[in-house]
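In what follows, a structure is listed as structure tokens, so that the remarks can point back to it.
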Amino acid sequence: MVNQEYCELTKKEILSILKHTKWCHLGISDCDQPYIVPMYFSFEPKGNHICFSLLSLRNGQKMLYMEHNQKVCLEFELQRENYFFSIIVYGTVTICPPTYKNSLLEVTSTQVTGRCYMLY
């Protein structure tokens, strides 16, 4: 078993980790059925919020779920030596008009938390 201790991350630390992370997991739900998929993302801090952009094909399970429920969760992780960083973002998604085969998903954070776990 691995011993774990953790500390809460500051907003500055969270933004720094996001800059070094390429992928996230998008968590959505429809009719009490959770659904999670890996996604490539970009982000931009805006005041007290962080705005995330994700590209998605226009058809598929996640698009159907998000049409019915705009509440989403994003999870980010990064491991460096004996440290594991985890960031959770709760927010709402806006599905932008499609371009060609893709739609832009814009997620505006309502709550952001981050932890650093020290692994032994």
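Separation of atoms NZ (Lys71) and OG (Ser29) is listed at 10.5 Å; rounding is to 0.5 Å. Atom CG in Leu105 sits 9.0 Å away from atom OG in Ser53 (nearest 0.5 Å). Atom OG1 in Thr92 sits 10.5 Å away from atom CG in Asn69 (nearest 0.5 Å). To the nearest 0.5 Å, atoms CG (Leu104) and OG (Ser56) are separated by 10.0 Å. With rounding to the nearest 0.5 Å, the separation of CD in Glu5 from SG in Cys116 is 11.0 Å. To the nearest 0.5 Å, atoms CG (Leu26) and OH (Tyr35) are separated by 9.5 Å.
Side-chain heavy atoms closer than 4.5 Å link hydrophobic residues (I, L, V, M, F, W, Y) into clusters, and following such links, possibly through other members, connects Val72 to Val37. Trp23 and Phe84 are not part of a single hydrophobic cluster, where members link through side-chain heavy atoms under 4.5 Å apart. At a threshold of 4.5 Å between side-chain heavy atoms, the hydrophobic network of Ile, Leu, Val, Met, Phe, Trp and Tyr places Met39 and Phe43 in one connected group. If you chain together hydrophobic residues whose side chains sit under 4.5 Å apart, Tyr117 and Ile88 never meet in one group. Linking Ile, Leu, Val, Met, Phe, Trp and Tyr whenever their side-chain heavy atoms come within less than 4.5 Å puts Met118 and Ile14 in one cluster.
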*Output, in order, the C-alpha distance, side-chain angles, deciding distance and verdict of ring-ring contact (aromatic ring centres under 6.0 Å, His included) for Phe52 and Phe76.*
CA-CA 12 Å; Phe52 297 88; Phe76 307 85; 5.4 Å; yes
*asked:* Working note: Leu18 + Ile50, criterion side chain to side chain contact (heavy atoms under 4.5 Å, CB included); need CA distance, chi angles, decisive distance, verdict.
replied: CA-CA 11 Å; Leu18 289 174; Ile50 304 174; 4.2 Å; yes
*asked:* Working note: Leu54 + Val107, criterion side chain to side chain contact (heavy atoms under 4.5 Å, CB included); need CA distance, chi angles, decisive distance, verdict.
replied: CA-CA 8 Å; Leu54 307 104; Val107 176; 3.7 Å; yes
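When every heavy atom of Val89 is checked against every heavy atom of Ser109, the shortest pair comes out as CG1-CB, 3.7 Å. Heavy-atom minimum distance, Tyr40 versus Lys22: CD1-O, 3.2 Å. Glu75 and Ser86 get closest at one heavy-atom pair: OE2-OG, 4.3 Å. Across Leu15 and Pro45, no two heavy atoms sit closer than the pair CD2-CG, 3.9 Å. Counting all heavy atoms, side chain and backbone alike, Phe85 lies closest to Ile17 at CD2-CD1, 3.3 Å. For Met66 against Val93, the heavy-atom pair with the smallest separation is SD-CG1, 3.9 Å.
Partners of Glu8 according to the side chain to side chain donor-acceptor pair (under 3.5 Å) rule, which considers only residues two or more places apart in sequence or in another chain, are Arg115.
Other residues, nucleotides and ligands contribute only 12 or fewer heavy atoms inside 6.0 Å of the OH atom of Tyr90.
Looking at Gln61, Glu67, Lys62, His68 one by one, the single match for side-chain hydrogen bond (donor to acceptor under 3.5 Å, both in side chains) with Tyr65 turns out to be Gln61.
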